[in-house]
Amino acid sequence: MTAATRLVAGATFFVGLLFAPLAQAQFVEGTHFERIDGPAAAETDGGIEVVEVFSYMCPHCRNFQPYVSAWEEELAEDVTFRRVPVSFNRSWEPFARAYVTANVMDILDESHVALFEALHDERRSIRTLSDLAEFHSQFGVDAEAFESTAGSFPVEAAMRKGRAELGKWGIRSTPTLVINGKWRVSPQRGSTFEDMLAVADYLIERERAETAAGTDDDSAGEADAGAAATAES
């Protein structure tokens, strides 16, 4: 490598370091993401939780699926991902219930995207819980069993939990991502789904850094306490 080449490489590296923080600095609380009021409540212990709030009736949620599905597959091991369906009106409720029912019956991997496609791509007339039970029968469950399960205790309990979480998170639109029960990320005017996921990545890194800092503080406190005990003895 010549001196000129080394100079250019060094300058390029320096510029990269100079502008690296700008990728994070461009995300501003209140503009690109919002803090959720009240104490955070994520389900994981020590990890980071991401929740996608969606509805099958939302066309934006349909368009978001290829992006968020690919993104989910690349999440680190310390990040857990789950979905919570929302019902902004009575007509959306059967679809939220169908999602929970499919999850209880362990057919969600097959049915989730398929239902989006049936509603928004194929324009199939699916409106009632009976329609949804018939639709899900293609995935190896009996339609009557699906409809019966939709009214079962596990489904009702999951629906109640979901409603409580949605109220706590202050969900006003879909799709929305909730990071660790603390941050709400929704599409912004003029932004893309890639932008939304980039904000989520930033918040995940932020949560990871805060967790690591808290661990370091705890370790330092324990070390100090140990040193003090040794000195006293």
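Side-chain contact check for Val50 versus Trp71: some heavy-atom pair is nearer than 4.5 Å. Residues Met196 and Thr192 have side chains not in contact (no heavy-atom distance under 4.5 Å, counting atoms from C-beta outward). A heavy-atom distance below 4.5 Å is not found between the side chains of Asp37 and Lys168. With contacts defined as side-chain heavy-atom distances shorter than 4.5 Å, the pair Leu177/Val53 does not qualify. Glu147 has its side chain within reach of Ser130: a pair of non-hydrogen atoms, C-beta onward, lies under 4.5 Å apart. Under the 4.5 Å side-chain criterion, counting only non-hydrogen atoms from C-beta, Phe88 is in contact with Thr174. For the pair Val185 and Val178, the minimum side-chain heavy-atom distance is 4.5 Å or more. Contact check for Phe33 versus Arg184: no side-chain heavy atoms found under the 4.5 Å cut-off.
Separation of atoms CZ (Phe95) and CE (Met57) is listed at 4.5 Å; rounding is to 0.5 Å. Summarising the geometry, atom CG belonging to Leu132 is positioned 10.0 Å from atom OG belonging to Ser111; distances are rounded to the nearest 0.5 Å. Annotation: the span from Leu203 atom CG to Arg35 atom CZ amounts to 10.0 Å, rounded to 0.5 Å. From Thr80, atom OG1 reaches atom CG of Leu75 across 9.0 Å, with rounding to the nearest 0.5 Å. Rounded to the nearest 0.5 Å, atoms NE2 (His60) and OG1 (Thr176) are 11.5 Å apart. Taking CG from Asn63 and SG from Cys58, the interatomic distance works out to 8.5 Å, rounded to the nearest 0.5 Å.
Gln138 places a side-chain N or O within donor-acceptor distance of the main-chain N or O of Phe135, the cut-off being under 3.5 Å. Judged by distance alone, with hydrogens and angles left aside, the side-chain atoms of Ser137 form a donor-acceptor pair with the main-chain N or O of Glu134 at under 3.5 Å. Although no hydrogens or angles enter the test, the distance criterion places no donor-acceptor pair under 3.5 Å between the side chain of Ser69 and the main chain of Pro66. Without hydrogens or angle criteria, His120 side chain to Phe116 main chain gives no donor-acceptor distance under 3.5 Å. A donor-acceptor pair under 3.5 Å links the side-chain atoms of His32 to the main chain of Gln26, judged by distance alone.
Summarising the geometry of Pro154 relative to Val104, their closest heavy-atom pair is CB-CG2, 4.5 Å, with the distance given to 0.1 Å. Scanning all heavy atoms of the two residues, the minimum distance from Leu129 to Ala150 falls at CD2-CB, 3.8 Å. Closest of all the heavy-atom pairs between Ile48 and Ile204 is CD1-O, 3.4 Å. Closest heavy-atom contact between Ser55 and Trp92: OG-CE3, 3.1 Å. Scanning both residues, Ala118 and Ile126, for their nearest heavy atoms gives CB-CD1, 4.2 Å.
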(message) Under the criterion ring-ring contact (aromatic ring centres under 6.0 Å, His included), I'd like the reasoning laid out for Tyr56 against His112: C-alpha separation, chi angles, the key distance, then a yes or no.
(response) CA-CA 9 Å; Tyr56 285 119; His112 183 61; 5.4 Å; yes
(request) Assess whether side chain to side chain contact (heavy atoms under 4.5 Å, CB included) is satisfied between Glu117 and Val113, documenting all intermediate values. (result) CA-CA 6 Å; Glu117 292 174 345; Val113 173; 3.6 Å; yes
(message) Using salt bridge (Lys or Arg N to Asp or Glu O under 4.0 Å), reason through Lys182 and Glu210 one step at a time and then give a plain yes or no.
(response) CA-CA 13 Å; Lys182 294 168 60 176; Glu210 289 185 3; 3.2 Å; yes
(request) Run the numbers on Arg124 and Asp131 for salt bridge (Lys or Arg N to Asp or Glu O under 4.0 Å), then give the verdict. (result) CA-CA 10 Å; Arg124 290 174 58 177; Asp131 294 336; over 6 Å; no
(request) Take Glu165 and Arg82, measure what salt bridge (Lys or Arg N to Asp or Glu O under 4.0 Å) needs, and give me the verdict at the end. (result) CA-CA 13 Å; Glu165 288 179 319; Arg82 65 186 176 99; 2.6 Å; yes
(request) Under the side chain to side chain contact (heavy atoms under 4.5 Å, CB included) rule, what do Val199 and Trp183 come out as? Steps first, then yes or no, please. (result) CA-CA 10 Å; Val199 175; Trp183 310 105; over 6 Å; no
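Gln65 and Glu52 share a side-chain donor-acceptor pair at under 3.5 Å. Side-chain contact, Thr101 with Thr149: no donor N or O sits under 3.5 Å from an acceptor N or O. No side-chain N or O of Thr31 forms a donor-acceptor pair with one of Gln188 less than 3.5 Å apart.
Ring geometry for Tyr202 against Phe27 counts as tilted: the plane angle lies between 30° and 60°, on a 0 to 90° scale. In this structure, Tyr67 and Phe193 have tilted ring planes: the angle between them lies in the 30° to 60° band.
Applying the side-chain hydrogen bond (donor to acceptor under 3.5 Å, both in side chains) test between Asn180 and each of Arg206, Glu207, Glu49 identifies Glu207 as the sole match. Remark: of the listed residues Glu93, Arg163, Arg97, Glu93 is the sole one forming a side-chain contact (heavy atoms from CB on, under 4.5 Å) with Ser87.
For the pair Asp121 and Arg62, the salt-bridge criterion is met [side-chain N within less than 4.0 Å of a carboxylate O].
Atom CG of Asp106 has 12 or fewer heavy atoms from other residues, nucleotides or ligands within 6.0 Å.
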